[in-house]
**Student:** 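Let me begin by handing over the structure; questions about it come next.
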Amino acid sequence: MELVNLLEFLNKSKELYAPSFATSDIGLVNFLDIIAEDKQFTQKIDLGVIFVSQRTLNQYVVVDGFSRLLSLSLLLHAVCECYKKTSEKNDKAIKTIRSKYLLNDSKTKLRMSEDCQVIYDKLIFGERLSGKEKKSPVFTLMHALWSQIKEESLQAGNIFTMLQRIVINLVETENICTRDLYYTLNKEKRELNQYLLIDSYMNSLALDKEWNSLKKVFRNREEDINLFFKDFFITKFSFKEYQQNRLYEIFTNYFETMLQYISKEALCKKLKRSAEIYKDILNVNMPNEKLRDALIQIKMHNGADTYAYLLNIYEDYLEDNISEATFYEILLTIDEYLKNRQKTPNNVGFNELIQYLNAFITCK
């Protein structure tokens with residue numbers, strides 16, 4: 001760990017990348033509010049730890065802390081915008097700020113997700129933004145900083161003096177999975193994009209095509225994908241309470257465990273097959289008319305909480321582990337339970353019904 005000046009780090013770095021699994025506009029900070037606490041400019045302002053992984057000379061992936069660098073860059077740009085064309089001295093200083101801290105030749109130093117990158121680049125290069133882009137956190141913070149400098153008549157020299165007192169504890173990671181480090185550092189304090197994390201994980205296994213293929217089963221509808229994983233993992237791990245904000249952790253634990261027994265290609269095929277079966281349950285898409293009608297009744301009687309069990313049983317039926325007659329009787333029993341549950345408070349929980357159904361299957 002090395003204590004460094006944040007401006008100096010930004011100056012020496014040619015390119016700074018947000019990880020592919022990070023949402024770079026989350027956790028943006030207003031530096032003016034932070035540095036205003038030290039109006040006499042007498043103390044260092046410690047912004048904590050920033051973890052980086054070096055790509056090449058002066059090129060880094062910022063594993064954790066990218067939002068602070070983005071926030072600083074937006075403040076520097078706001079200062080430049082407020083004081084451009086006010087004097088020859090200021091214009092010279094602005095040129096220095098842009099070349100040292102914001103730009104690497106003709107490109108911006110910060111590299112992030114495509115949507116944020118487009119908005120950030122438009123801001124830095126003075127291009128017109130759409131109404132939708134102006135609602136982004138990146139534009140909102142930049143405009144807030146610009147307004148604050150104008151309204152409070154803050155002097156560029158004073159702002160820069162304060163910025164020079166900001167320090168960070170820089171940690172260069174080696175032989176550490178940056179994705180897992182990012183997840184560990186952030187899982188308790190912010191809502192992470194679970195799908196970007198899984199994207200990165202599957203890409204590291206050269207399975208990105210298989211992962212995208214699974215998502216396409218549900219036409220990339222996150223609501224349906226979430227339902228599938230919830231019910232799939234409830235079945236596999238017997239969760240009493242499923243946590244969506246732990247999907248990446250649950251997914252990788254399952255994957256790593258299963259890879260001990262089957263190949264990654266076979267596992268992806270199996271997972272996609274379960275997704276296709278679950279989609280058929282959601283859409284009540286069974287070729288057998290009698291079974292389809294029974295499933296329609298379950299859906300009509302608010303049986304979504306039974307889908308995890310149905311996924312398991314439907315797979316058994318399709319693999320000829322149980323007969324059509326047994327499967328049909330299970331569907332009827334579940335529907336009868338749901339109808340009774342709607343009429344009166346039911347003292348029998350569905351978990352107890354599952355025990356009965358499993359015993360029934362064993363007898364068959």
**Student:** If hydrophobic residues (ILVMFWY) are linked whenever their side-chain heavy atoms come closer than 4.5 Å, directly or via other members, who joins V61 in its cluster?
**Tutor:**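 Y17, which link up through side-chain heavy atoms under 4.5 Å apart, make up the rest of the cluster.
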**Student:** Can you confirm if the aromatic rings of Y314 and F327 lie within a centre distance of less than 6.0 Å?
**Tutor:**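 Ring centres of Y314 and F327 closer than 6.0 Å.
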**Student:** Test: salt bridge (charged side-chain N to carboxylate O under 4.0 Å, His left out). Region: residues 83-92. Which pairs qualify, not counting sequence neighbours?
**Tutor:**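 Listed once each, the pairs are E81-K84.
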**Student:** State yes or no: are the ring centers of Y248 and F21 separated by less than 6.0 Å?
**Tutor:**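 Ring-ring flag for Y248/F21: false, centres at least 6.0 Å apart.
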**Student:** Kindly state each residue pair satisfying salt bridge (charged side-chain N to carboxylate O under 4.0 Å, His left out) with at least one member in residues 189-214, sequence neighbours excluded.
**Tutor:**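 Salt bridge (charged side-chain N to carboxylate O under 4.0 Å, His left out) check on residues 189-214 returns D199-K215.
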**Student:** Quick one: does Q117's side chain get under 4.5 Å of T108's, heavy atoms only?
**Tutor:**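 Yes, close enough: below the 4.5 Å cut-off.
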**Student:** If we check side-chain hydrogen bond (donor to acceptor under 3.5 Å, both in side chains) with S323, which of these qualifies: N321, D320, T326?
**Tutor:**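 Of N321, D320, T326, side-chain hydrogen bond (donor to acceptor under 3.5 Å, both in side chains) with S323 is met by T326 alone.
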**Student:** Can you pull out every salt bridge (charged side-chain N to carboxylate O under 4.0 Å, His left out) where at least one residue sits in residues 279-290? Sequence neighbours excluded, please.
**Tutor:**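 Pairs touching residues 279-290 that pass the test: K290-E324.
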**Student:** What about the rings of F255 and W211, do their centers lie closer together than 6.0 Å?
**Tutor:**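 That pair fails the under 6.0 Å test.
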**Student:** Taking the six-membered ring for Trp and the single ring otherwise, decide whether the centroids of F233 and Y254 are under 6.0 Å apart.
**Tutor:**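 Yes, close enough.
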**Student:** Using salt bridge (Lys or Arg N to Asp or Glu O under 4.0 Å) as the criterion, list what pairs up with D305, not counting sequence neighbours.
**Tutor:**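 Result, salt bridge (Lys or Arg N to Asp or Glu O under 4.0 Å) vs D305: R341.
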**Student:** Does any pair with a residue in residues 306-317 pass salt bridge (charged side-chain N to carboxylate O under 4.0 Å, His left out), and if so which ones, sequence neighbours excluded?
**Tutor:**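 The answer is none; no pair qualifies.
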